[in-house]
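Hydrogens, waters and symmetry mates are skipped; everything else that's a heavy atom, side chains included, is used. Reminder, nothing fancy here: chain letters follow the sequence lines and each chain counts from 1.
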Amino acid sequence: MEDSLAAAVRAALAGLPDLPDGFDPAAVDVEFQTPNDPSHGDLATNVALQLARPLRRSPRAIAEALAAGIETDPARVAAVEVAGPGFLNIRFADAHLAAGLADVLAQGDRYGRTDGHADETAIVEYVSANPTGPLTVGHGRNAVLGDTIANLLEWIGYDVTREYYFNDAGRQMRMLGQSVRARYQEALDPDTPTKTLEDGLVVPESFPEDGYRGDYIADIARGLADQHGDALLAEADEARFTDAGKTAILAEIEDTLARLGVHHNTQFNERTLYQGDPAPVWDAVDRLRQRGLIEDQDGAIWFKTSELGKTVTTKEEGEQGQDVVLVKSSGEPTYRLPDIAYHLDKLARGFDLVLDVFGADHIATYPDVVRGVRALAGDAADRIEVVVYQFVTLVRAGEPVKMSTRKATYVTMDDLMDEVNAVLVEKAREAAEGAEPETTADAGPDVVRFFFLMRAAGTHLEFDLDLATQASDKNPVFYLQYAHARIASIERKADEAGVGGEPDLDLLTHESEQALTKLLLQFPDEVAQAAEARAPHRLATWLREVATAFNAFYRDCRIVGEADDLAAARLALARAARTVLGNGLAILGLSAPDRM
RNA sequence: GCCCACGUAGCUCAGGGGAUAGAGCAAACGUUUCCUAAACGUUAGGUCGCAGGUUCGAUUCCUGCCGUGGGCACCA
């Protein structure tokens with residue numbers, strides 16, 4: 001619709017007399033917006049205001065000439081009006097709305113999909129939590145964002161691969177193994193000598209200074225003790241313990257993600273980057289070296305990012321170039337090297353879009369990785385894109401909870417979902433006056449998902465546990481779901497009453513009917529915009545408008561009990577609204593209940 | 001100190017070069033003989049952090065300052 005209107009505007013422009021030399025009407029970018037004020041029509045363009053200077057004419061005069069010269073399809077456009085300083089306001093014809101509505105119903109659960117990126121592939125990397133502990137609230141925001149962005153990309157045509165990258169090499173994994181091993185010794189022999197850490201925690205003497213302190217470590221160790229007795233004490237290194245820890249923790253993470261409705265197609269193990277001949281990481285180093293971007297110093301391997309424009313500014317020395325370490329003098333790579341190799345791998349797999357979702361703590365690190373990739377893969381590095389989200393601050397009893405997996409001061413996603421769900425079940429029980437409530441579904445995931453999705457990724461998210469659980473029945477997710485359930489209920493009632501048959505959509509002339517219809521027709525555009533911006537919260541915000549518009553329609557227009565033809569038309573509109581709400585909820589990864 | 005993000009109603013947040021800046025919660029008052037009241041309506045609430053700049057037009061873009069959070073290791 002907007003494309004054809006833009007073409008019509010350009011055609012009208014071309015027909016204007018006395019155009020200045022060198023002015024190309026075909027090159028004018030005609031943009032439309034939906035006015036906030038319905039009296040300004042259904043679509044508006046400010047093209048006349050923008051052309052005032054190049055055409056050296058008043059915007060109002062341009063707008064009037066365009067309005068007079070534009071040719072539009074009377075079946076779709078009812079009026080083109082000039083307003084204000086020179087806006088061109090376009091009003092849809094009723095037939096356009098009826099045709100659009102029929103299209104919604106025909107497409108059903110595919111309505112909203114567009115093919116702007118058909119034949120393109122994308123890989124979205126998200127969660128990628130190291131298997132050193134349970135999934136925390138911070139990981140949860142990553143998981144939900146990544147999963148939903150992947151959904152959005154699919155809806156605009158991408159063939160999407162959802163990947164989980166495991167940092168299963170390096171120091172953290174060794175630390176995990178040593179932590180498990182220490183707890184294993186303790187499990188076998190309660191008299192194992194202990195020490196007290198800074199924060200007062202009493203641990204076995206062999207427990208590493210910054211080991212992982214959560215109870216789950218002791219649980220895993222106890223499992224090993226039960227299964228193997230003291231046979232593992234003779235193990236030369238901690239590999240066996242690392243493995244046991246990793247396996248157990250991954251299984252737990254998988255369960256939590258499944259509960260959240262988050263899935264991946266592929267896993268990528270960091271370890272594989274060190275395997276093969278040549279191993280991808282060392283191959284990357286060699287190739288960087290060939291380009292003169294490597295310098296060996298103090299036994300470490302440096303990446304000469306200074307030659308690629310990286311600078312650091314200090315008060316004493318001003319601005320100067322800065323290099324970064326790829327491999328420490330210990331022989332152990334920093335995160336940068338495997339990350340470079342990993343992204344090269346993703347590009348080599350041929351993806352058109354390589355999207356990473358990660359927390360604000362990575363904000364300063366990815367440019368180094370991209371520099372490395374660009375040095376070796378050239379402009380293909382442009383396909384790499386990053387969605388950075390700010391951390392979730394958890395507030396409990398008015399106090400911020402500082403989260404650290406290692407120190408075991410964290411709230412897990414499961415805890416959070418359990419807590420939310422428990423409160424909801426309790427409320428449902430009260431509402432049912434002591435009887436068992438009808439619904440027993442786990443509401444935790446929907447509430448938590450929506451909470452994470454309703455805000456822009458880049459904003460700090462304060463999650464007040466007390467408030468979130470206390471006010472959880474006010475959570476806007478229920479507003480959307482309730483509207484969906486309400487429509488489903490109406491459809492059941494209408495069915496019983498025998499409402500149906502081929503609807504005559506031209507009967508939908510009520511203000512509330514038209515307002516709702518216009519909103520529903522925006523859905524594909526809203527999805528596409530949210531997807532292009534990698535911004536799920538836009539869809540979440542917009543869906544609320546749909547629910548509100550439906551509630552207004554519900555208030556003003558009855559279905560069951562009205563004349564047959566009108567009832568059938570309204571039922572069709574209600575069904576279209578349920579289609580949009582249902583599809584929107586599906587993209588956000590939320591359930592769309594038929595009753596509540 | 002340097003880098004990044006954010007600063008919009010009492011609170012939590014949308015919006016974004018354009019016409020009168022929005023929503024939810026909280027506050028006050030209403031709506032149920034009728035398809036789900038988890039709903040709907042009305043009222044009240046604003047110097048869009050501050051100061052410059054660009055522009056026909058800035059809350060939106062740019063610069064500086066202030067505030068908040070995060071990052072600035074041969075940690076990831």
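Neither OP1 nor OP2 of rG71(B) sits under 4.0 Å from any side-chain N or O of Y366(A). Close to rA14(B), at under 4.0 Å from its OP1 or OP2, lies a side-chain N or O of T459(A). Contact annotation: N551(A) side-chain N/O to rC40(B) OP1/OP2 distance is under 4.0 Å. Under 4.0 angstrom from either OP1 or OP2 of rC40(B) there lies at least one side-chain N or O belonging to Y479(A). The side chain of R455(A) places an N or O atom within less than 4.0 Å of a non-bridging phosphate oxygen (OP1 or OP2) of rC13(B). Regarding contacts with the backbone of rC75(B), every side-chain N or O of R336(A) stays at 4.0 angstrom or more from both OP1 and OP2.
With rU36(B), rA19(B), rC74(B) as the candidates, the nucleotide lying closest to the side chain of N89(A) is rA19(B). Side-chain atoms of R544(A) lie closest to rA23(B) of the nucleotides rA23(B), rU36(B), rC40(B).
Here F87(A) does not count as stacked on rG18(B), because the ring centres are not under 5.5 angstrom apart with planes under 30°.
With hydrogens and angles left out, the side chain of S329(A) and the base of rC74(B) share a donor-acceptor pair within 3.5 Å. Residue side chain Y482(A) reaches the base of rU36(B) through a donor-acceptor N/O pair under 3.5 Å, judged by distance alone.
RNA chain B is contacted by both P333(A) and F451(A); F451(A) maps to the nucleotide lying nearer its 5′ end (nearest heavy atom per residue). Both A488(A) and A83(A) lie close to RNA chain B; mapped to their nearest nucleotides by heavy-atom distance, the more 5′-ward contact belongs to A83(A).
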Let me see the working for Y482(A) and Y479(A) under ring-ring contact (aromatic ring centres under 6.0 Å, His included), right down to the final yes or no.
CA-CA 5 Å; Y482(A) 183 72; Y479(A) 185 77; 8.3 Å; no
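For RNA chain B, the neighbouring residues in residues 535-543 of chain A, judged by any heavy atom under 4.0 Å, are H537(A), R538(A), T541(A). RNA chain B is contacted by no residue of residues 566-579 of chain A, taking any non-hydrogen atom closer than 4.0 Å.
Nucleotides rA37(B) and rA44(B) place their C1' atoms 24 Å apart, quoted to the nearest Å. With both ends at atom P, the span from rG52(B) to rA58(B) equals 13 Å, rounded to whole Å.
L581(A) has its side chain out of reach of Q481(A): every pair of non-hydrogen atoms, C-beta onward, lies at least 4.5 Å apart.
Here the side chain of N269(A) pairs no donor or acceptor atom with the backbone of F166(A) at under 3.5 angstrom.
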